[in-house]
There are 2 protein chains.
Amino acid sequence: MEYTISEVADKFNISIPTIRYYDKLGLLPLLKRNKGNVRTFSEADFDFLRMIEILKITGMELKDIRRYFYWCYLGNSTLKKRYDMFLERKKQAEEQINALKKSLQMIEYKCEYYKLANELGTTDHPSLEDICKPVEI
Amino acid sequence: MEYTISEVADKFNISIPTIRYYDKLGLLPLLKRNKGNVRTFSEADFDFLRMIEILKITGMELKDIRRYFYWCYLGNSTLKKRYDMFLERKKQAEEQINALKKSLQMIEYKCEYYKLANELGTTDHPSLEDICKPVEI
DNA sequence: ATAGGACCTAAAGTTGACTTTAGGTCAATA
DNA sequence: TATTGACCTAAAGTCAACTTTAGGTCCTAT
């Protein structure tokens with residue numbers, strides 16, 4: 001089954017120019033064109049797009065994603081590099097999750113705080129005294 | 001207790017120019033200077049820097065953080081805006097955590113995959129056939 | 001007293017990831 | 001047949017968040 005660029009943009013919820021930009025950067029190495037020079041996407045390209053999504057979320061830069069794809073292309077000689085890369089991505093993802101969880105604690109506290117303040121119409125009230133500890137902002 | 005910009009840079013693990021940049025953007029509204037025009041940081045400024053850290057992690061832009069600080073300055077008339085803002089931040093943080101957890105699954109799978117491939121010296125081996133499902137990259 | 005180090009400013013430069021623009025091809029439909 | 005819509009390219013523009021540069025002040029220690 002083959003897909004047009006607009007179908008892929010819809011499917012992955014990214015813009016058409018972004019897909020072309022990724023292609024230009026070499027992030028879609030298996031992407032084919034038809035006789036009219038029009039891009040025709042298949043499952044193999046979706047695999048690449050999914051991997052781009054996954055790695056980007058962990059904060060990886062496009063040029064490093066490209067390098068990883070190139071390592072895959074080079075074959076077994078780059079297995080160690082790829083292993084190390086994923087260990088590093090795992091570390092980054094875990095660190096980000098931890099940082100977000102920590103931030104979320106304060107944010108949830110602030111939600112409570114402002115819920116109450118809204119009901120009272122003011123932050124200047126005895127019932128907010130003890131709940132307003134972490135930051136006075 | 002007062003601190004210099006280099007002490008604060010160390011404490012928060014950000015660069016001195018970044019602190020000056022935040023100050024310029026109005027993200028450190030309580031920051032004082034001594035007679036020599038040198039910034040002197042205190043706990044109140046740390047509260048702002050901590051809040052910047054927390055909100056930035058959830059993907060909030062500096063200009064929106066600034067607007068939040070301004071809302072705080074305006075007082076009780078902005079309580080609803082601030083409440084809604086933190087509800088939105090909570091949503092964003094949770095979504096990011098979920099996206100990262102999902103990515104982490106694939107990354108952990110890839111760690112396993114490449115650990116084995118490294119031991120075997122190749123990705124072209126029967127014991128990797130069944131483990132290599134999600135993406136062929 | 002002068003040299004060094006820590007601070008200051010304004011302004012320009014950088015980086016990454018896109019987005020926009022301008023101009024062109026091509027196939028199908030009114 | 002002509003025009004519309006979906007695609008194409010190359011190149012320029014944008015945006016956020018910094019960083020770098022160039023030049024200056026001020027205090028302290030040799």
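Proteins come first, then strands; the chains are lettered A, B, ... in the order of their sequence lines, and each starts at number 1.
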*Can we call the ring centroids of A:Tyr83 and B:Tyr113 under 6.0 Å apart?*
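Ring centres of B:Tyr113 and A:Tyr83 not closer than 6.0 Å.
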*Most 5' of A:Ile16 and B:Gly36 on DNA chain D, judged by nearest nucleotide*: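 Nearest-nucleotide comparison on DNA chain D picks A:Ile16.
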*By nearest nucleotide on DNA chain D, pick out whichever of A:Arg33 and B:Pro17 is the more 5' one.*
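Result of the comparison: A:Arg33.
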Nearest-angstrom distance from the residue atom [atom1] of [X] to [atom2] of [N]:
X       : N      : atom1 : atom2 : value
A:Met60 : C:dG16 : CE    : C1'   : 14 Å
B:Asn37 : C:dA6  : CG    : P     : 19 Å
A:Asp64 : C:dT15 : CG    : P     : 14 Å
B:Leu25 : C:dA11 : CG    : C1'   : 15 Å

*Give A:Arg20 one of three labels, base, sugar-phosphate or nothing, depending on what nucleic acid heavy atoms sit under 4.0 Å from its own.*
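Counting heavy atoms under 4.0 Å across all strands, the contact made by A:Arg20 includes a base.
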_Taking any heavy-atom pair under 4.0 Å as a contact, classify B:Lys56: base, sugar-phosphate, or nothing._
sugar-phosphate
*asked:* Does C:dA6 have its OP1 or OP2 closer than 4.0 Å to a side-chain nitrogen or oxygen of B:Thr4?
replied: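 For C:dA6, OP1/OP2 do not have a side-chain N/O of B:Thr4 under 4.0 Å.
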_So does A:Leu31 get a backbone contact from the side chain of A:Arg39, meaning a donor-acceptor N/O pair under 3.5 Å?_
no
_Any salt bridge linking B:Asp64 with B:Arg89? Criterion: basic side-chain nitrogen under 4.0 Å from a carboxylate oxygen._
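Here B:Asp64 does not pair with B:Arg89 in a salt bridge, since their nearest N and O are not under 4.0 Å apart.
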*Select one nucleotide: of C:dC8, D:dT19, C:dC18, the one nearest the side-chain heavy atoms of B:Tyr21.*
D:dT19
*Quick one: on DNA chain C, does B:Glu7 or B:Lys24 contact a more 5' nucleotide (nearest heavy atom)?*
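It is B:Glu7 whose nearest nucleotide is closer to the 5' end.
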